[in-house]
Colleague: 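One structure coming up, written as structure tokens, with questions to follow.
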Amino acid sequence: MSGDRATSAAPGDDGADLLTGERDHPAEPSSNPGADGPGAGGFDPDGLEAAGASPFRRGTRPRPASAWQQRLARLGYRAPDTRPLRERLVPPMPDGKGISTGEPSPVLERFGIHVPAGLWFWLCRWSGWLGPLAVTLFGAILVFTHLGTPHDIIFDETYYAKDSWAIWHYGFEVNWPDTTNAAILANPHHIPAPTGPAFIAHPPAGKWVIGLGEMVFGLTPFGWRFMVALLGSLAVLMVCRIGRRMFRSTLIGCVAGLLMCVDGLHFVMSRTGLLDLVVMFWALAAFGLLVLDRDRARARLADAIGATVDNPDPAPDHELASRAWLGWRPLRLLAGICLGICCATKWNGLDFLAVFGLLTVFWDAGARKTAGARHPYLTAVLKDGIWAVFCIVVVGFLTYLASWSGWLFSNATVGGTTGAYDRHWADNRAGLSPDSWTTVGLHHLPQVSMTWVPARLRSLWHYHAEIWHFNTTLTSPHIYQSNPWSWLVTARPVSFYYPGGLKPSQCGGAAQCSSEVLALGTPLLWWAACFAVLYALYRWIFARDWRAAAICCGIAAGYVPWFQWQQRTIFYFYSIDFEPYLCLALALMIGSILGKATASRDRRLFGAIGAGVLVVAIMATFLYFLPIYDAQITTYQQWNDRMWWSTWI
């Protein structure tokens, strides 16, 4: 969350940690001085630039770089960070009271645009909110415009729209007559009576969220898409703010959010009543809370070891760094709640819980290492890890269990049956059936009575075993299923909606008309993101950049687990779970193209042109594909022109 420069060292030195970018001991000053870049836009790919940063300690001479160090520098290695200890723990944000804003943008001045100093200061002072809110408003306008179009139940909305309505009215999902979809879409609108409780494949939290929009706006396309659209818009704001805090640059944070606004997959998923964007939102919220918690914990640690604002550079202290308690960490507690809701939407949220839970402990270890602890990992496990397990795992589990309250406690009668599917399975049983253990791969464990567990919880366990069996054995072929190897290059998108029966008059008299909602990421953005992921891996491995490591971990949590289910029926739009981290990776790469705040004006100008061309080209690509994202009626030829690959059809 800080702008710490992640470094490594020559063989024989204490290298920086792969996840944290932290060293055991302070090193000699670098020959590359710090900089005071503009608060709104300065970016340093090495993590050094922070507006208002104090200069390096004076009165010392840098060590001459060895030939080995010079060779490593060509691969991205940098000299050790020698900023004051407090600044290494908590680099300043790019705006705020008392923070220098630097001179007005040289890029603007090069084009003859002169910004008064007072206005520039005000913009830099409040840009941390003005910029992200402006980007969020832009994205919200895109998403909410004609949100009820198409006026139809598209793709898996046929399940989640009705399940969400049922959960709010009965407490659990139900079966519906075959004519229900037509009755819901008819004018006048009609909701048939359900026929009984239904078996479902996913936990209920996401449907509680979708149903909230239906309770306000009714069981209509706008109603079941409203909450997803709202979460999609708020996710843009979170990406802007997360990027700003990680990169210590409001400009780069806003670029990350803007890229998310113009990603076709995010746009389509924000306008469709499915669960996957809800998973993404809660995982991203947890990630943002943990990044913010990282800053606050490091500031508390800096105060504990005496690295205060008035005395920013004391010597690292093993005793103080090992003994310091970092507080109750309410943000980590909120992150646990968010991860619990994420898991209670779809079970792949468990991957985010595991990865982010480990990541936050690694961050604590890195902070204690910088502060002088000689055994930072052991200290982090003992002092921070136990509380982290409670906040992330225990609180997450309790949140997950709470999402099932309707299933556990509702006694509504539907179609002559009282209670949810399998709700009373254990009422007349002494324990759990052997099939329940076998289904979840625990058949080797001894079968115990379990009579001490309440019947409703034993029923819930049995129900989970059935859900697990369904989700892990789903191999029915689907025309739009795809292999995760193809996701990053958008090889097989999913057609959510392609109606027939359009009249030639609807598209200007052409022989044939088309209208489609295609879940396809903006091609140029995703193809550029492939290089950005490689760049992030490079920054992580060679430069020990904690920001690149965090981004890669977010991508891995949402992407890598799907490779073990290649035999299962899976779809490209599942990649929405890690799409925000692709945007952050691309913003990291764009920041490097833009150049450091300390670079020459010509370097910054050419970097700004290169970065700007890429961003504008991505936006233009999104605009070109917009007709097949929001079901605009076009001629068949116009539709076919956008089918760049035969696998998109």
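Note that the numbering runs from 1 along the sequence shown for the chain.
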Colleague: Testing Phe172, Trp404, Trp168 for ring pair (Phe, Tyr, Trp, His ring centres under 6.0 Å) with Trp208, which one passes?
Modeller: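 Going through Phe172, Trp404, Trp168 one by one, the ring pair (Phe, Tyr, Trp, His ring centres under 6.0 Å) with Trp208 is satisfied by Trp168 alone.
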Colleague: Could you tell me if Trp526 and Asp263 have a donor-acceptor pair between their side chains, going purely by distance under 3.5 Å?
Modeller: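 Yes, side-chain donor-acceptor contact under 3.5 Å.
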Colleague: Is it the case that more than 12 heavy atoms not belonging to Phe397 sit under 6.0 Å from its CZ atom?
Modeller: no
Colleague: Do Thr472 and Trp565 meet the criterion of a side-chain donor-acceptor pair at a distance under 3.5 Å?
Modeller: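 Note: Thr472 and Trp565 side chains miss the donor-acceptor criterion.
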Colleague: So which atom in Val143 and which in Ala229 form the shortest heavy-atom distance, rounded to 0.1 Å?
Modeller: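 In this case the closest contact between Val143 and Ala229 is CG1-CB, 3.5 Å.
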Colleague: If you round to the nearest 0.5 Å, how far is CZ of Phe573 from CG of Leu518?
Modeller: 12.0 Å
Colleague: Nearest 0.5 angstrom please: Thr490 OG1 to Leu520 CG, how far?
Modeller: 5.5 Å
Colleague: Under a 4.5 Å cut-off applied to non-hydrogen side-chain atoms, are Leu378 and Leu382 in contact?
Modeller: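 Yes; the side chains approach each other to less than 4.5 Å.
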Colleague: What are the two closest non-hydrogen atoms of Asp351 and Ala557, and how far apart are they?
Modeller: CB-O, 3.4 Å
Colleague: Is a side-chain N or O of Trp282 found less than 3.5 angstrom from the main chain of Gly340, in a donor-acceptor match?
Modeller: no
Colleague: Can you tell me how far CG of Asp427 sits from CZ of Arg458, rounded to the nearest 0.5 angstrom?
Modeller: 8.5 Å
Colleague: Looking only at heavy atoms, what is the nearest atom pair of Ala519 and Pro493, with distance?
Modeller: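 For Ala519 and Pro493, the tightest heavy-atom pair comes out as O-CB, 3.2 Å.
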Colleague: Walk me through it: do Phe199 and His469 pass the test ring-ring contact (aromatic ring centres under 6.0 Å, His included)?
Modeller: CA-CA 12 Å; Phe199 170 83; His469 178 74; 9.8 Å; no
Colleague: Under a 3.5 Å threshold, yes or no: a donor from one side chain and an acceptor from the other, between Trp468 and Tyr463?
Modeller: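 On atom types as modelled, these side chains do not qualify, holding no pair under 3.5 Å.
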Colleague: Distance from Phe496 atom CZ to Leu274 atom CG, nearest 0.5 Å?
Modeller: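 The distance works out to 5.0 Å.
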Colleague: Taking NZ, NE, NH1 and NH2 as the nitrogens, is one of them in Asp384 or Arg368 under 4.0 Å from a carboxylate oxygen of the other?
Modeller: yes
Colleague: Between Asp630 and Thr149, does a side-chain hydrogen bond (donor to acceptor under 3.5 Å, both in side chains) hold up when you go through it step by step?
Modeller: CA-CA 7 Å; Asp630 61 358; Thr149 302; over 6 Å; no
Colleague: Exactly one of Leu339, Ile341, Val394 should register a side-chain contact (heavy atoms from CB on, under 4.5 Å) with Thr399. Which one does?
Modeller: Ile341
Colleague: With no hydrogens and no angle check, do the side chains of Arg332 and Thr360 hold a donor and an acceptor under 3.5 Å apart?
Modeller: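 Thr360 and Arg332 do have a side-chain donor-acceptor pair below 3.5 Å.
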Colleague: Return the CG to CZ distance between Leu284 and Phe352, rounded to the nearest 0.5 Å.
Modeller: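 Reported value, rounded in 0.5 Å steps: 9.0 Å.
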Colleague: Does one side chain, of Asn483 or Arg492, offer a donor that lies under 3.5 Å from an acceptor on the other?
Modeller: no
Colleague: Would you confirm whether Thr522, through its side chain, and Val262, through its main-chain N or O, come within 3.5 Å as a donor-acceptor pair?
Modeller: yes
Colleague: Start with the C-alpha distance between Glu173 and Lys162, add both sets of side-chain angles, then the distance that settles side-chain contact (heavy atoms from CB on, under 4.5 Å), and finish with yes or no.
Modeller: CA-CA 8 Å; Glu173 298 85 350; Lys162 293 175 291 188; over 6 Å; no
Colleague: Working to the nearest 0.5 angstrom, can you tell me the gap between Thr220 OG1 and Glu214 CD?
Modeller: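 Going from the OG1 atom of Thr220 to the CD atom of Glu214 covers 8.0 Å.
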Colleague: Would you sort out whether Phe287 and Phe356 count as a ring-ring contact (aromatic ring centres under 6.0 Å, His included), showing the intermediate values?
Modeller: CA-CA 7 Å; Phe287 182 76; Phe356 291 169; 5.4 Å; yes
Colleague: Tell me, with the steps shown, if Gln567 and Thr475 meet side-chain hydrogen bond (donor to acceptor under 3.5 Å, both in side chains).
Modeller: CA-CA 7 Å; Gln567 77 285 357; Thr475 57; over 6 Å; no
Colleague: Give a yes or no answer on whether the side chain of Arg423 reaches the backbone of Leu408 with a donor-acceptor pair at less than 3.5 Å.
Modeller: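 Side chain of Arg423 to backbone of Leu408, a donor-acceptor pair under 3.5 Å: yes, one is there.
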Colleague: For residues Val517 and Ser495, determine if any side-chain heavy atom of one lies less than 4.5 Å from a side-chain heavy atom of the other.
Modeller: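 No - every pair of side-chain heavy atoms lies 4.5 Å or more apart.
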Colleague: Is the shortest side-chain heavy-atom distance between Leu230 and Leu234 below 4.5 Å?
Modeller: yes
Colleague: I'd like to know if the side chain of Arg271 and the backbone of His146 have a donor-acceptor N/O pair within less than 3.5 Å.
Modeller: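 Yes: the side chain of Arg271 pairs with the backbone of His146.
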Colleague: Going by the salt bridge (Lys or Arg N to Asp or Glu O under 4.0 Å) test, name the single residue among Arg300, Arg329, Arg298 that passes it with Asp293.
Modeller: Arg329
Colleague: Would you call the rings of His202 and Tyr160 parallel, tilted or perpendicular, taking 30° and 60° as the class edges?
Modeller: tilted
Colleague: Within a strict 4.5 Å, meaning less than it, do heavy atoms of the Phe155 and Val494 side chains meet?
Modeller: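 In contact.
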Colleague: Measuring only between side-chain heavy atoms, which start at C-beta, is Trp176 closer than 4.5 Å to Ile191?
Modeller: yes
Colleague: Has the side chain of Asn471 got a donor or acceptor atom that lies under 3.5 Å from a matching backbone atom of Ala201?
Modeller: yes
Colleague: Begin from the C-alpha positions of Trp165 and Trp224 and carry the test side-chain contact (heavy atoms from CB on, under 4.5 Å) through to its verdict.
Modeller: CA-CA 9 Å; Trp165 189 91; Trp224 62 67; over 6 Å; no
Colleague: List the atom of Cys261, the atom of Val135, and the distance in Å for their closest heavy-atom pair.
Modeller: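 The answer is SG-O, 3.5 Å.
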Colleague: Determine, step by step, whether Tyr559 and Tyr574 satisfy the side-chain contact (heavy atoms from CB on, under 4.5 Å) criterion, reporting the C-alpha distance in whole Å, the side-chain angles of both residues, the deciding distance to 0.1 Å, and the verdict.
Modeller: CA-CA 9 Å; Tyr559 187 29; Tyr574 294 171; over 6 Å; no
Colleague: Is Ser403 reaching over with its side chain to a backbone N or O of Ala205, donor-acceptor style, under 3.5 angstrom?
Modeller: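 No, the answer is negative, given that no donor and acceptor are paired below the 3.5 Å cut-off.
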Colleague: Do Glu157 and Thr272 have side-chain N/O donor and acceptor atoms under 3.5 Å apart?
Modeller: no
Colleague: Sort out for me which residue in Met246, Arg244, Arg245 forms a side-chain contact (heavy atoms from CB on, under 4.5 Å) with Ile242.
Modeller: Met246
Colleague: Would the His478 and Phe571 ring centres measure less than 6.0 Å apart?
Modeller: yes
Colleague: Does Gly196 offer a backbone N or O that forms a donor-acceptor pair with the side chain of Tyr421 under 3.5 Å?
Modeller: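 A pair under 3.5 Å: no.
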Colleague: Using the ring centroid of each side chain, check whether Tyr400 and His464 are separated by less than 6.0 Å.
Modeller: yes
Colleague: For side-chain contact (heavy atoms from CB on, under 4.5 Å), just list the numbers for Arg225 and Phe217, CA-CA rounded to whole Å, side-chain angles, deciding distance to a tenth of an Å, and then say yes or no.
Modeller: CA-CA 10 Å; Arg225 294 170 191 162; Phe217 301 104; over 6 Å; no
Colleague: Can you see whether Thr569 engages Ser476 through a side-chain donor-acceptor pair at a distance of less than 3.5 angstrom?
Modeller: no
Colleague: Is the backbone N or O of Tyr572 less than 3.5 Å from a side-chain atom of Ser482, with the two atoms forming a donor-acceptor pair by type?
Modeller: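 At least one qualifying donor-acceptor pair exists.
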Colleague: Do side-chain atoms of Ser459 reach the backbone of Ala426 as a donor and acceptor pair under 3.5 angstrom?
Modeller: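 Looks like yes, one N/O pair under 3.5 Å.
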